[in-house]
Chemist: 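Encoded as structure tokens, here's the structure I'll be asking about.
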Amino acid sequence: MLDIAFIRSNPEIIKEGIRKKRMNTDIDELLSVDEEVRKVRGEVEAFRADRNRISKDIPKLKGEEKDQALAKVKAAKDGLSRFEPELKKLEEQFEKLMLMVPNPPLSIVPEGESDDDNVEVRHFGEPTKFDFQPKDHLELAESLDIVDMPRAVKFAGARMYCLKNEGALLEFALFKFALELLVSRGFQPMIVPQLVRREAMIGTGFFPLGEEDTFYVEKDDLYLIGTSEVPLVSYHMDEILNEKDLPKHYCGYSSCFRREAGSYGRDTRGFYRLHQFNKVEQVIICVNDPEVSMVEHRLLLSNSEALMQALGLPHRVALACGAEIGQGQVLKHEIETWMPSRNRYSETHSCSSLHEFQSRRLRIRWRGKNSKVNYCHTLNNTAVASPRILIPLLENFQNEDGSVTIPEVLRPYMTGMERIEPKSK
RNA sequence: GGAGGGAUGGCCGAGCGGUUUAAGGCGGCGGUCUUGAAAACCGUUGACCGAAAGGUCCGGGGGUUCGAAUCCCUCUCCCUCCGCCA
């Protein structure tokens, strides 16, 4: 959510942001409702002021004077009953429209229509060359006996899977490694609720636009999170934080659930697009200074790059173009990792700055030395998400004999194992 | 699931129909003192909308009343006991 005062005085900046993000939000409608709300609110407040002023004197009055005062209050109340329902209706409409307004992207965000227009910032390593015919990750995983998709689909439906044997161990190894790396860099590890209230979904900006992509538990009116960003940011909802306690650096581990509505038939093979996966996510809450949050953004990015470098996975860092940036984000970098079977770099990490977008919705504020209260900035980035990360890991580190070499940094978490060997059938 | 109790400013906590303009404490900020700090003392300090006048906010929503933090209904959450259970 943005500041209505800012929208009011800079509608062209908002409209330009909408254009750059290739969205279609009607700002003029919002502004006209805003004007109407303020007009009607003025009426209502005048009647309320009347009522309050007259009521105050009533206990002191007697007889005819009292009757006159009561009549005046009645007139004010009649006025209120005329305008209050209208105000309420307008305010509801206003709130609804405010939730739709996108955060304008920073000027450094490139123009573009799709991820083909993302701009590479730097890269690590080179696309892997094979002197044999490489297998894709699903073939590898099946021959290594570390996955069972058909059985998962049998009892849980499409886009479901079971990781087994070294696959299950590998996932735990990745998460343990990621958590230890982040903890060593001062991030606070968190295990968080994976079912949340609607408020948290709206507050973090996933609703109302992303509602179709979310699993809903109707009986308890709770939603399954699509990322631990939701609980980690909502954690400080309705709080006023002290400047000395900022920035907050969190790393949360959770399962993530996504309906992937509208993606039928896309990325159906293997580990790329699934209804459920696990992820270590980084979240930062800091003061609302764009320069400070830019420094934090770079920190988030560098953490994930360090992790990918330690794993030895070839990847590139790309600046996401306008159309690829979500409603609330002002800046997004992706880490795209080389996936031989796709013969391209594909997204494994998404690093976002949201400025005040989430903190305004969740009322997360901070108090500075001058006692002034401001909204915070929030940021987030993937540390590692599995099984998607297993695509480049299995594919890039496969050997001609069908085995897969385990990255050295993960071996301590896998009883020293160096390779996963194919199982003979 | 059953029975009771509760939710008040950044935090703790009083108030239970009209000088509440929400007491008091803690914390924050400013000052005195000090080489500096601590302690002590003095002052100051709720959030939101509005250009202002003013208005709104005592968990959310609704109601009673001339007037509600205060009374009634309802929802959510927390605590205690019982039941069930990992």
Chemist: Atom CD of A/E91 to atom P of B/U56: distance rounded to whole Å?
Modeler: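 For the pair A/E91 CD and B/U56 P, the rounded distance is 13 Å.
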Chemist: Starting the side chain at C-beta, find the nucleotide from B/C77, B/G50, B/A53 nearest to A/R197.
Modeler: B/C77
Chemist: Check nucleotides 46-48 of chain B for protein N or O atoms closer than 3.5 Å to its own N or O atoms and list the pairs.
Modeler:
from, atom 1, to, atom 2, distance (Å)
B/A47, O2', A/R365, NH1, 3.3

Chemist: Examine B/G50: is either OP1 or OP2 under 4.0 Å from a nitrogen or oxygen in the side chain of A/R8? Give yes or no.
Modeler: yes
Chemist: Which pairs of donor and acceptor atoms, one on a side chain in residues 94-106 of chain A, lie under 3.5 Å apart (sequence neighbours left out)?
Modeler:
from, atom 1, to, atom 2, distance (Å)
A/N103, ND2, A/G328, O, 3.1
A/N103, ND2, A/L354, O, 3.1

Chemist: Please list every donor-acceptor pair under 3.5 Å in which a side-chain atom of residues 287-301 of chain A meets a protein atom from a residue at least two apart or in another chain.
Modeler:
from, atom 1, to, atom 2, distance (Å)
A/N288, OD1, A/W366, NE1, 3.1
A/N288, ND2, A/E356, OE2, 3.1
A/N288, ND2, A/Y375, O, 3.4
A/D289, OD1, A/E291, N, 2.8
A/S293, OG, A/P290, O, 3.4
A/S293, OG, A/H377, ND1, 2.9
A/E296, OE1, A/H249, NE2, 2.8
A/H297, ND1, A/S353, OG, 2.8
A/H297, NE2, A/H333, ND1, 2.8

Chemist: Please tell me if A/K244 has a side-chain N or O lying less than 4.0 Å from either OP1 or OP2 of B/G27.
Modeler: no
Chemist: In chain order, what residues pass the side chain to side chain contact (heavy atoms under 4.5 Å, CB included) check against A/R269, with sequence neighbours excluded?
Modeler: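 Partners of A/R269 under the side chain to side chain contact (heavy atoms under 4.5 Å, CB included) test: A/D136, A/L138, A/E139.
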Chemist: Name every donor-acceptor pair, under 3.5 Å, that has one atom in a side chain of residues 37-45 of chain A and the other anywhere in the protein, sequence neighbours excluded.
Modeler:
from, atom 1, to, atom 2, distance (Å)
A/R41, NH2, A/E91, OE2, 3.0

Chemist: Does the distance from a Lys or Arg side-chain N to an Asp or Glu carboxylate O, for A/E324 and A/K332, drop under 4.0 Å?
Modeler: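 Here A/E324 does not pair with A/K332 in a salt bridge, since their nearest N and O are not under 4.0 Å apart.
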Chemist: Measure the distance from CZ on A/R363 to C1' on B/C49 and round it to the nearest whole Å.
Modeler: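 Going from CZ in A/R363 over to C1' in B/C49 covers 15 Å.
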Chemist: Given that A/R360 and A/R53 both sit by RNA chain B, which one's nearest nucleotide is further toward the 5' end?
Modeler: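 By nearest-heavy-atom nucleotide position, the 5'-most residue is A/R360.
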Chemist: Please list all pairs meeting side-chain hydrogen bond (donor to acceptor under 3.5 Å, both in side chains) that have one or both residues in residues 2-11 of chain A, counting only residues at least two apart or in different chains.
Modeler: A/R8-A/D34
Chemist: Hey, could you give me each pair passing salt bridge (charged side-chain N to carboxylate O under 4.0 Å, His left out) that has a residue in residues 379-394 of chain A? Not counting sequence neighbours.
Modeler: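 Every pair satisfying salt bridge (charged side-chain N to carboxylate O under 4.0 Å, His left out) with a residue in residues 379-394 of chain A: there are none.
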Chemist: Once side-chain hydrogen bond (donor to acceptor under 3.5 Å, both in side chains) is applied, what residue pairs with a partner in residues 74-85 of chain A remain, sequence neighbours excluded?
Modeler: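 The answer is A/R48-A/E84.
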Chemist: Report each atom pair, protein N/O against N/O of nucleotides 65-71 of chain B, whose distance is under 3.5 angstrom.
Modeler:
from, atom 1, to, atom 2, distance (Å)
B/C66, O2', A/S55, OG, 2.9
B/G67, OP1, A/K77, NZ, 3.2

